[in-house]
Amino acid sequence: MRFVDLFSGAGLFSGGFVQQGFSPILAVDLSSDAIASYQRNVAPVGRCGSVSDLERLPECEVLIAGPPCQGFSTLGRRDPLDERNALAFEVVRLAATNPPDVVVIENVPPFLRSAAWSQIRNGLIALGYDVVPWELDASDYGTPQYRRRSFTIASRVGMPEIPKPASGMVPARTVLSRPVDPDDALHRWPAPTPLAEGRMRLIPTGGDKRDLMRAAPDLCPPSWRQVGCQATDVWGRIDPDKPANTLRCAFQNPSKGRYIHPTANRVISLREGARLQGVPDAWHFVGRNYPVARQIGNGVPVPLARAVAGSIRQLLANHVEAAA
């Protein structure tokens with residue numbers, strides 16, 4: 001079961017497929033750091049460059065792709081004219097050159113309600129695919145993180161069953177309380193300034209900037225009072241008894257979300273962020289702090305990818321059995 005990964009990033013989506021027995025034959029991404037990480041952790045099949053420069057899809061059973069989501073994300077402007085939106089159409093173009101049995105496109109949920117998605121769906125139907133959208137939350141599939149993602153499944157060999165959720169959610173403490181190897185180069189975080197550390201000391205477990213505003217308003221910038229009850233997760237501690245909030249690329253910046261360690265007065269380390277994405281500790285990422293955080297935060301949680309891949313694997317197995 002061969003697959004190609006377009007907009008592969010560091011390979012978290014691929015990692016889930018590999019765990020289900022699939023073999024990657026090509027991964028393409030613009031980031032040289034991400035491709036170096038892919039080569040190191042997944043397979044030496046990465047190619048640094050634009051998907052647009054790929055003329056033909058290699059022979060494969062499955063094509064997976066995670067095109068840029070900034071033009072569709074609720075965290076962005078959702079600009080329908082964002083030039084990055086057009087990159088998603090490359091999936092249809094390449095599928096047409098050498099149609100695989102199954103195409104899987106991953107993105108944020110609003111992608112499914114965009115004009116671009118409707119065009120992509122129609123393009124895949126024109127190629128002979130049946131198309132179904134899924135919206136799944138990673139926390140339902142063994143990931144210690146709430147993270148809703150969309151998956152557009154296009155198949156020429158029948159439709160897969162939607163993955164069945166795991167039993168029970170995995171709290172953040174499951175991975176954050178586990179010791180980290182002292183030699184792990186990814187167990188690093190930006191040292192907080194004296195002001196930042198002073199703020200963190202006053203934020204209780206599960207607390208956030210609202211607790212700080214009550215306890216020490218002198219440590220809070222005027223903008224916090226102006227914003228009021230908006231963006232309540234910023235300068236927040238991760239609740240160890242629940243899955244963590246969605247990990248963004250800037251998860252080592254406390255002003256971007258609930259990324260302060262449950263007990264320590266610091267943001268989570270790169271390794272801890274990777275664990276919240278279900279990445280094995282054996283994986284190591286190439287690059288400086290922010291590029292690595294971006295590789296981690298941009299990825300599909302590995303347990304969620306594995307669940308999707310399991311449904312695709314069963315579909316292909318059923319197809320082979322029926323053909324025999």
Side-chain angles (χ1 to χ4, degrees), residues 7-15 27-42 46 48-50 66-77 82 84 87 106-108 138 143 145 147 149 172 175-176 180-181 183-197 199-200 209 221 231 233-238 244-261 264-302:
F7 313 100
S8 66
L12 278 67
F13 199 9
S14 280
V28 183
D29 197 89
L30 268 179
S31 168
S32 58
D33 283 342
I35 286 297
S37 296
Y38 192 104
Q39 304 273 74
R40 182 171 184 172
N41 300 309
V42 184
C48 183
S50 174
C69 65
Q70 290 88 345
F72 309 107
S73 174
T74 55
L75 294 174
R77 293 179 296 174
D82 191 318
R84 291 170 293 189
L87 290 171
E106 176 272 338
N107 213 291
V108 292
T143 305
Q145 178 195 169
R147 191 185 190 94
R149 306 301 290 181
V175 295
L176 296 183
V180 179
D181 187 326
D183 295 326
D184 190 333
L186 280 189
H187 194 43
R188 62 182 192 265
W189 57 87
T193 64
L195 173 61
E197 186 173 2
R199 288 173 176 171
M200 292 177 188
K209 73 171 189 179
D233 279 326
V234 302
W235 285 87
R237 282 195 188 275
I238 295 173
N245 285 18
T246 299
L247 214 66
R248 297 171 61 187
C249 296
F251 67 80
Q252 290 202 308
N253 183 340
S255 68
K256 297 296 184 181
R258 191 172 292 276
Y259 303 133
I260 301 175
H261 190 276
N265 294 316
R266 59 170 178 81
V267 294
I268 56 174
S269 71
L270 294 172
R271 174 58 68 200
E272 290 164 337
R275 285 180 173 182
L276 292 174
Q277 284 278 64
V279 174
D281 281 0
W283 281 38
H284 291 277
F285 295 84
V286 176
R288 298 173 67 86
N289 279 23
Y290 182 70
V292 169
R294 186 178 182 84
Q295 292 172 47
I296 295 169
N298 265 343
V300 180
V302 177

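The analysis underlying the following values was restricted to heavy atoms, covering all of them including side chains, and did not include hydrogens, waters or symmetry mates.
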Enter the distance from Leu195:CG to Met200:CE here, rounded to the nearest 0.5 Å. 9.5 Å

Heavy atoms, side chains only, cut-off 4.5 Å: are Arg149 and Val108 in contact? yes

Taking the side chain as C-beta and beyond, is there a heavy-atom pair between Trp283 and Leu186 under 4.5 Å? no

Looking only at non-hydrogen atoms, find the nearest pair between Asp33 and Gly287 and report the distance. OD2-CA, 3.8 Å

Backbone of Ala244 reached by a side-chain donor or acceptor of Arg147 within 3.5 Å: no

Which residues satisfy the ring pair (Phe, Tyr, Trp, His ring centres under 6.0 Å) test with Trp189, sequence neighbours excluded? His187

Indicate the atoms forming the closest heavy-atom contact of Ala27 with Ile35, along with that distance. O-CD1, 4.0 Å

Evaluate the side-chain proximity of Pro291 to Phe285: yes if any heavy-atom separation is below 4.5 Å, no if none is. no

Using the side chain to side chain donor-acceptor pair (under 3.5 Å) criterion, which residues pair with Ser14? Sequence neighbours excluded. Asp5, Tyr38

Distance-minimising heavy-atom pair for Val302 and Gly278: CB-O, 3.4 Å

Checking Tyr259 side chain against Ala250 main chain: does a donor-acceptor pair fall under 3.5 Å? no

How about Asn41 and Val279: do any of their side-chain heavy atoms sit closer than 4.5 Å? no

Can you name the closest pair of heavy atoms from Ser31 and Cys48 and give their distance? C-SG, 4.0 Å

Are any side-chain N or O atoms of Gln252 and backbone N or O atoms of Arg188, one a donor and one an acceptor, separated by less than 3.5 Å? yes

Side chain to side chain, Pro192 and Val267, heavy atoms closer than 4.5 Å: no

For Arg266, give me all partners under salt bridge (charged side-chain N to carboxylate O under 4.0 Å, His left out), at least two apart in sequence or on another chain. Glu272

Taking the side chain as C-beta and beyond, is there a heavy-atom pair between Ile296 and Phe251 under 4.5 Å? yes

Is the closest side-chain heavy-atom distance between Leu176 and Arg275 below 4.5 Å? no

Using the test ring pair (Phe, Tyr, Trp, His ring centres under 6.0 Å), find all partners of His284 that sit at least two apart in sequence or belong to another chain. none

Side chain to side chain, Asn265 and Arg237, heavy atoms closer than 4.5 Å: yes

Atom CG in Asp233, atom OG1 in Thr246: separation rounded to 0.5 Å? 9.5 Å

Which residues satisfy the side chain to side chain contact (heavy atoms under 4.5 Å, CB included) test with Ser255, sequence neighbours excluded? Trp235, Asn253

So, the side chain of Thr143 versus the backbone of Gln277: is there a donor-acceptor pair under 3.5 Å, distance only? no

Shortest non-hydrogen pair, Pro68 vs Asn107, comes out as O-ND2, 3.7 Å

For the student: nearest non-hydrogen atoms of Asp29 and Ser8, plus distance: OD1-N, 3.5 Å

Sequence-distant partners of Asp181, side chain to side chain contact (heavy atoms under 4.5 Å, CB included), two or more places apart: Asp183, Asp184

